[in-house]
There are 2 protein chains.
Amino acid sequence: MTLDTVLIKRNSNFHHGNLRQTLVSAATNMIAENGIESLSLRKLAEKVGVSRTAAYHYFQDKNDLLCAIAANGFRRWQQSLDQLNANQLPERDKFEQYILGYISFATHNPEEYELMFGRCIWKQSKCTPELQDISHTTFQRQVEMIEYWQSIGLVSGDSPLKMAQVIWGTLHGIAKLFIDGVYADVGRAEEIVISALPMFLVSKL
Amino acid sequence: MTLDTVLIKRNSNFHHGNLRQTLVSAATNMIAENGIESLSLRKLAEKVGVSRTAAYHYFQDKNDLLCAIAANGFRRWQQSLDQLNANQLPERDKFEQYILGYISFATHNPEEYELMFGRCIWKQSKCTPELQDISHTTFQRQVEMIEYWQSIGLVSGDSPLKMAQVIWGTLHGIAKLFIDGVYADVGRAEEIVISALPMFLVSKL
DNA sequence: CCAGCAATTTGACACTGTCAAGATTGATTG
DNA sequence: CAATCAATCTTGACAGTGTCAAATTGCTGG
């Protein structure tokens, strides 16, 4: 059976075949448009053309669905990191790209970002093993990047872990304050983060 | 009519007299205990001993109530700032106290803090004029403090506004990542913010 | 003691997440 | 080819939720 026949069959079904994937991406869209607060499983089901409770065969919970969306976000962010590391830029530029990329990712996908780093998901038991895995891995990678930039004398600070935590904190804070509209008169969050960049460097150039 | 008779009368009523204040403080407690998500107007009403919709005579909305709680939080935080500025400490120590105080306030009142800086309230129309006022004032005061610390050569950076935004971003980010449990293995958020402190200073002492 | 006024309650509605049980589907056998 | 089967999806139901309109209560001045 070829891929084509699979697709044709799926289209001819009046139930979906790949409901899980469909639900996740539809939910991601709805969240991006109207905010995470206003996502209801029922509206989602209607949009996808399926009954209210269909999602419960693929997700334990509403929270479970949200975790899947967040996990997707982490995968996308990891791809960005891969791409960055594949570049042949000078390390100083890589660091700058990393910082700008982080802010750009956060401000262009604010709702998904909130899902990735908002309390609801990280805390306690409300976190899928899948999400726990990928988020942990992602943070580990970022620590290693900072560690490397410190080892070549680019980034300052003594403990790599602490420095990674500070840098991440700064990026997260600026991103969130910007997203939430607290920096009322700032056009792009990049303006702020660029002025923060020298703080992290050994030589302020 | 003395204060006593007022209180006696209020107690003898089986309706409350000062429902508004009662509602705000009860809601603040409930939020502190079980999180902002799980606050419902109906449970709040039951706790206060009043009917489901009583709150609607003092607040337009549930959101309006939340704004009142947030505004209270800002008032408390401003008092902390007053107290700090009244001290006769060296400025370098004041700056440190400011930073530690911010983190301490945020981590000890996580839910209230979320209300003060979470998207739901700042953004767009979902913000009471009262809240808008006091939050604006508070930020203004913090900018002035940073401005002063820059003018005496303590804090680095060229634009005071930008530096205030960066510092605030860093504090906010570290506070939030800590509150949300992202710094899995960190005991106190102060550990991290203390290692970030030198970044802001002209001389790294 | 009663009219009027403000504070509070009751009733109602549309929405939400979630569960248990039933119905439908496409695939797999005899 | 037809009948069965397991997976997939749907229907019905329930307890919550925020919020509005209308009814009710309690207090105060005449």
Side-chain angles (χ1 to χ4, degrees), chain A residues 1-24 26-27 30-31 34-69 115 120-121 125-128, chain B residues 1-2 5-24 26-27 30-31 34-69 115 120-121 125-128:
Chain A
M1 192 153 65
T2 69
L3 184 60
D4 281 327
T5 58
V6 172
L7 290 177
I8 288 168
K9 281 215 169 169
R10 276 182 183 156
N11 284 338
S12 68
N13 296 350
F14 97 96
H15 311 70
H16 298 73
N18 52 347
L19 228 200
R20 186 187 159 102
Q21 179 54 29
T22 307
L23 284 171
V24 171
M30 291 178 71
I31 279 181
N34 299 324
I36 164 179
E37 297 277 284
S38 75
L39 172 72
S40 90
L41 290 187
R42 297 166 108 109
K43 277 188 273 185
L44 171 63
E46 191 173 15
K47 183 145 197 167
V48 167
V50 103
S51 85
R52 294 150 261 153
T53 61
Y56 283 84
H57 279 250
Y58 298 92
F59 305 96
Q60 209 172 358
D61 250 352
K62 183 182 186 179
N63 187 64
D64 201 16
L65 208 198
L66 296 180
C67 284
I69 298 177
L115 231 40
C120 23
I121 291 210
S125 55
K126 314 197 80 180
C127 180
T128 282
Chain B
M1 192 154 66
T2 68
T5 59
V6 173
L7 289 176
I8 288 170
K9 281 215 170 172
R10 277 180 181 158
N11 284 338
S12 69
N13 296 351
F14 96 94
H15 312 70
H16 298 72
N18 52 348
L19 229 200
R20 186 186 158 102
Q21 180 53 31
T22 308
L23 284 170
V24 171
M30 291 177 71
I31 279 181
N34 299 323
I36 163 179
E37 296 278 283
S38 75
L39 171 72
S40 89
L41 290 188
R42 296 166 109 109
K43 277 187 273 185
L44 171 63
E46 192 174 17
K47 185 146 196 166
V48 168
V50 103
S51 86
R52 293 151 260 153
T53 62
Y56 282 85
H57 277 250
Y58 299 93
F59 306 96
Q60 207 173 1
D61 249 352
K62 183 181 185 180
N63 186 64
D64 201 16
L65 207 198
L66 297 180
C67 284
I69 299 177
L115 232 39
C120 22
I121 291 209
S125 56
K126 315 197 78 180
C127 180
T128 282

* Nucleotide D:dC9, atom C1' - distance to CZ of A:Phe59 in whole Å -> 15 Å
* Under the side chain to side chain contact (heavy atoms under 4.5 Å, CB included) test, residues paired with B:Ala54 that sit two or more places apart -> B:Leu19, B:Val50, B:Ser51
* **Exercise: identify the closest heavy-atom pair between B:Asn63 and B:Lys126** => ND2-O, 3.0 Å
* Structure fact -> side chain to side chain contact (heavy atoms under 4.5 Å, CB included) filter on A:Ala26, not counting sequence neighbours, yields A:Leu44, A:Val48
* Asked: How does protein contact run along nucleotides 11-21 of chain C, one letter per nucleotide 5' to 3', with B for base contact, S for sugar-phosphate only, - for none, heavy atoms under 4.0 Å?
  -> BB---BBBB--
* What's the CG-P distance between B:Leu19 and C:dA7, to the nearest Å? -> 11 Å
* Measure the shortest side-chain to side-chain distance between A:Leu41 and A:Tyr56 over non-hydrogen atoms and say whether it is less than 4.5 angstrom. => yes
* Asked: Quick one: B:Leu44 CG to D:dG16 P, roughly how many Å, whole number?
  -> 17 Å
* Between D:dG18 (P) and B:Leu23 (CG): distance, integer Å -> 13 Å
* **Close side-chain approach of A:Leu66 to A:Ile31, heavy-atom, < 4.5 Å** => yes
* To do: State which residues pass side chain to side chain contact (heavy atoms under 4.5 Å, CB included) with A:Asp64; sequence neighbours excluded, sorted by chain then number.
  => A:Phe59, A:Gln60, A:Asp61, A:Thr128
